[in-house]
Amino acid sequence: MATPTLSIFILSSLLILSSFSNAQTQPKAFTFPITKADTDNQYYTTIQIGANATTLNVGIDLGGNFLWFNSEEYLAAADSYRPILCGTKQCQIANGIGCIFCFLSPPVPGCTNNTCSDYSLNPFTGTQGYSGLGQDVLRVVSTRGAQYKVNNFPFQYSDPVLREALATPTEGLIALGRTRVSLPAQLSSAFKIREKFALCIPSSESRGSMIIGKTAYKKPFQRISESMLTTPLLRNPVSINGNEVIGNLTIQYFIGVKSIIVGKTPLALNKTLLRINKRTGEGGTSIRTVRAYTSLHKSIYAALVDEFVKAAAAKNIKRVASVAPFGACFDSKTILFREAGPDVPIVDLLLQSKSVYWRFYGWNTMVRAGEGVICLAFVEEQPNLSGPTTSIVVGGYQMENHLLEFDVAAEKLGFSRSLLLRDTSCDMFGAA
Ligand SMILES: *[C@@H]1O[C@H](CO)[C@@H](O)[C@H](O)[C@H]1NC(C)=O
Ligand SMILES: *[C@@H]1O[C@H](CO)[C@@H](O)[C@H](O)[C@H]1NC(C)=O
Ligand SMILES: *[C@@H]1O[C@H](CO)[C@@H](O)[C@H](O)[C@H]1NC(C)=O
Ligand SMILES: *[C@@H]1O[C@H](CO)[C@@H](O)[C@H](O)[C@H]1NC(C)=O
Ligand SMILES: *[C@@H]1O[C@H](CO)[C@@H](O)[C@H](O)[C@H]1NC(C)=O
């Protein structure tokens, strides 16, 4: 009779001890590198997963649901993989859809019996994959440089077909969306840190960073972050199933763009398109790292090109033949270069009030599209989608070298002006 009591006593004092030592070493924030792939503006980070710490490059999907990947190297060392079983709390947290019974002997990641399942989405091709969810240990590095383990990090080991159109060094996508299984949500619950992340996306050939949690930044980023403008993060209440290209709108981040201004001229836009239609999910403005350039509804795009070309002509910039997918291209010899890049008309996304706008200078609005040709780096939305379409999708090129803070807990987005105006860039970003 004495033994069980004693062991309970030892157990509880161990628990107290371990929670005490945890409290002392409790990290506040974690850091992840961000690299831009050579082609097609895909941005990825590097993670270590499994007991053998397989290193994986995974694209960053701001509006994604959960981590998915397909990697031979992981498979070869996946002894620590555990399926998420149907009917479990983890399955509920992952918001899994359905249960699969997959009998392989021995079982492999993605094909195990009685397993909580869900659809993963490749947002570049629109391909969806349905398979079992699992969990394994994820290693993360705090902003102080210490390594931590997140046990039971949920993900999907996906079919190789899902890797189509991913940039060469990447084997899947990691999700930052509004779910309980995204990377920020998981770190927030595992370490009791604020559900908040800062993204600083690099332009080519440099390396940016993402910081998840709350911490001071190194100079001059702390000052920059204190002087950022903020705008509410909005929700689109319509969840789309079966619309591969868009995905689940409820988990993406939306902001409230009221108008677009080119130079000093506000575009005449159909205001209905700028609002989220709460019934159909159409309209509004989302922010997505899986789109190379900001895409605009046909009528918004036409108005932007029209005004931009006019304002450029007033600066003696010569228009040349368009290079797809861009609708306005110019002779680069007729454009001056300044600290914020090509000296072209400024484009502002006006937000909740006249003093809150996200301003884009030449570095973020112009892209080289051949010898002597640079084009307005905005595109018309693909006319080919089958479901409700978001009118403005802010893409990766426009986010480069801006500090962005997604305070998910407070539903706020903070954004800096172009870091290049302050003689810095995302490759300098980090914690203090
Ligand atoms: C780690 O890798 C070795 C060799 O590839 C393998 O034998 C071992 O089972 C792996 N361990 C785990 C936990 O996956
Ligand atoms: C698969 O799981 C179900 C539910 O737990 C169980 O009834 C069944 O026996 C399992 N089948 C195999 C082949 O393990
Ligand atoms: C979309 O995501 C929300 C929030 O996670 C969830 O409640 C809803 O069931 C999802 N819808 C679909 C179709 O996956
Ligand atoms: C504005 O857009 C809405 C939604 O697409 C459309 O129903 C309406 O006809 C448009 N109004 C004008 C004046 O074009
Ligand atoms: C939609 O896209 C597919 C493949 O990209 C193409 O075959 C089809 O013609 C397009 N449909 C429309 C209406 O543009």
Side-chain angles (χ1 to χ4, degrees), residues 61-68 82-88 90-108 110-123 126 128-134 154 156 175-186 188-189 195 233-254 257-260 267-286 296-303 380-381 383 385-392 408 411:
D61 186 356
L62 199 47
N65 188 348
F66 49 75
L67 167 68
W68 61 262
R82 295 288 171 269
I84 295 178
L85 297 181
C86 301
T88 57
Q90 288 100 312
C91 183
Q92 218 179 356
I93 288 172
N95 195 28
I97 300 174
C99 187
I100 59 163
F101 300 90
C102 194
F103 313 117
L104 273 186
S105 184
V108 295
C111 178
T112 48
N113 190 19
N114 190 27
T115 305
C116 179
S117 302
D118 206 348
Y119 292 94
S120 50
L121 168 72
N122 176 327
Q128 281 185 319
Y130 181 74
S131 64
L133 302 177
Q156 182 183 74
L176 307 180
R178 271 200 257 234
T179 66
R180 293 165 76 191
V181 282
S182 67
L183 181 62
Q186 284 286 306
S188 165
S189 83
E195 192 167 349
L233 284 171
L234 308 180
R235 286 171 188 270
N236 188 324
V238 178
S239 103
I240 303 306
N241 203 1
N243 191 321
E244 327 71 52
V245 183
I246 293 170
N248 185 335
L249 295 178
T250 69
I251 67 183
Q252 290 184 24
Y253 299 100
F254 281 76
V257 171
K258 291 268 175 58
S259 169
I260 299 178
L267 304 181
L269 303 176
N270 177 342
K271 299 289 190 224
T272 308
L273 292 173
L274 297 179
R275 285 191 295 267
I276 297 169
N277 182 322
K278 299 251 154 74
R279 191 175 47 80
T280 63
E282 273 170 14
T285 301
S286 68
L296 303 170
H297 179 276
K298 194 177 167 59
S299 69
I300 301 177
Y301 189 66
E380 187 178 311
E381 91 188 346
L385 304 180
S386 51
T389 51
T390 301
S391 300
I392 302 177
V408 184
E411 308 220 31

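In this text the structure is predicted, and so the values were computed from the model without any measurement. Reckoned from all heavy atoms, side chains included, excluding hydrogens, waters and symmetry mates. Remember, it's 1-based here, ligands and their atoms both numbered in the order they're listed.
Cys pair Cys111 and Cys102 passes the test of SG atoms under 2.5 Å apart. Between Cys91 and Cys86, a gap of 2.5 Å or greater is found separating the two SG atoms.
Scanning for side-chain contact (heavy atoms from CB on, under 4.5 Å) contacts around Ser131 gives Gln156, with sequence neighbours left out. Partners of Pro237 under the side-chain contact (heavy atoms from CB on, under 4.5 Å) rule, at least two apart in sequence or in another chain, are Ile276, Lys278.
Rounding to the nearest 0.5 Å gives a distance of 10.0 Å between CZ of Arg178 and CG of Leu62.
Between Leu269 and the options Leu296, Val257, Ile392, Ile300, a side chain to side chain contact (heavy atoms under 4.5 Å, CB included) holds for only Ile300. Of the candidates Cys116, Pro83, Pro154, Leu133 forms a side chain to side chain contact (heavy atoms under 4.5 Å, CB included) with just one, namely Cys116.
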List ligand 2's nitrogen or oxygen atoms that come under 3.5 Å of a protein nitrogen or oxygen, with the partner atom and distance.
| residue | atom | partner | partner atom | Å |
| --- | --- | --- | --- | --- |
| ligand 2 | 2 (O) | Asn113 | OD1 | 3.3 |
| ligand 2 | 2 (O) | Asn113 | ND2 | 2.4 |
| ligand 2 | 5 (O) | Asn114 | ND2 | 3.4 |
| ligand 2 | 11 (N) | Asn113 | ND2 | 2.8 |
| ligand 2 | 14 (O) | Asn113 | ND2 | 3.1 |

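Interface of Asn95 with ligand 3, defined as ligand atoms under 4.0 Å from a residue heavy atom, comprises 5 (O), 6 (C), 7 (O), 8 (C), 9 (O). Atoms of ligand 3 lying under 4.0 Å from any heavy atom of Asn248, numbered from 1 in the order shown and given with element: 1 (C), 2 (O), 3 (C), 8 (C), 10 (C), 11 (N), 12 (C), 14 (O). When each atom of ligand 3 is checked for a heavy atom of Thr250 under 4.0 Å away, the hits are 1 (C), 2 (O), 3 (C), 4 (C).
Under 4.0 Å from ligand 3, not a single heavy atom of Asn65 appears.
Sorted pairs that involve residues 90-107 and meet side-chain hydrogen bond (donor to acceptor under 3.5 Å, both in side chains), not counting sequence neighbours, are lacking altogether.
By the 3.5 Å distance cut-off applied to N or O atoms, Asn270 is counted among the residues near ligand 4.
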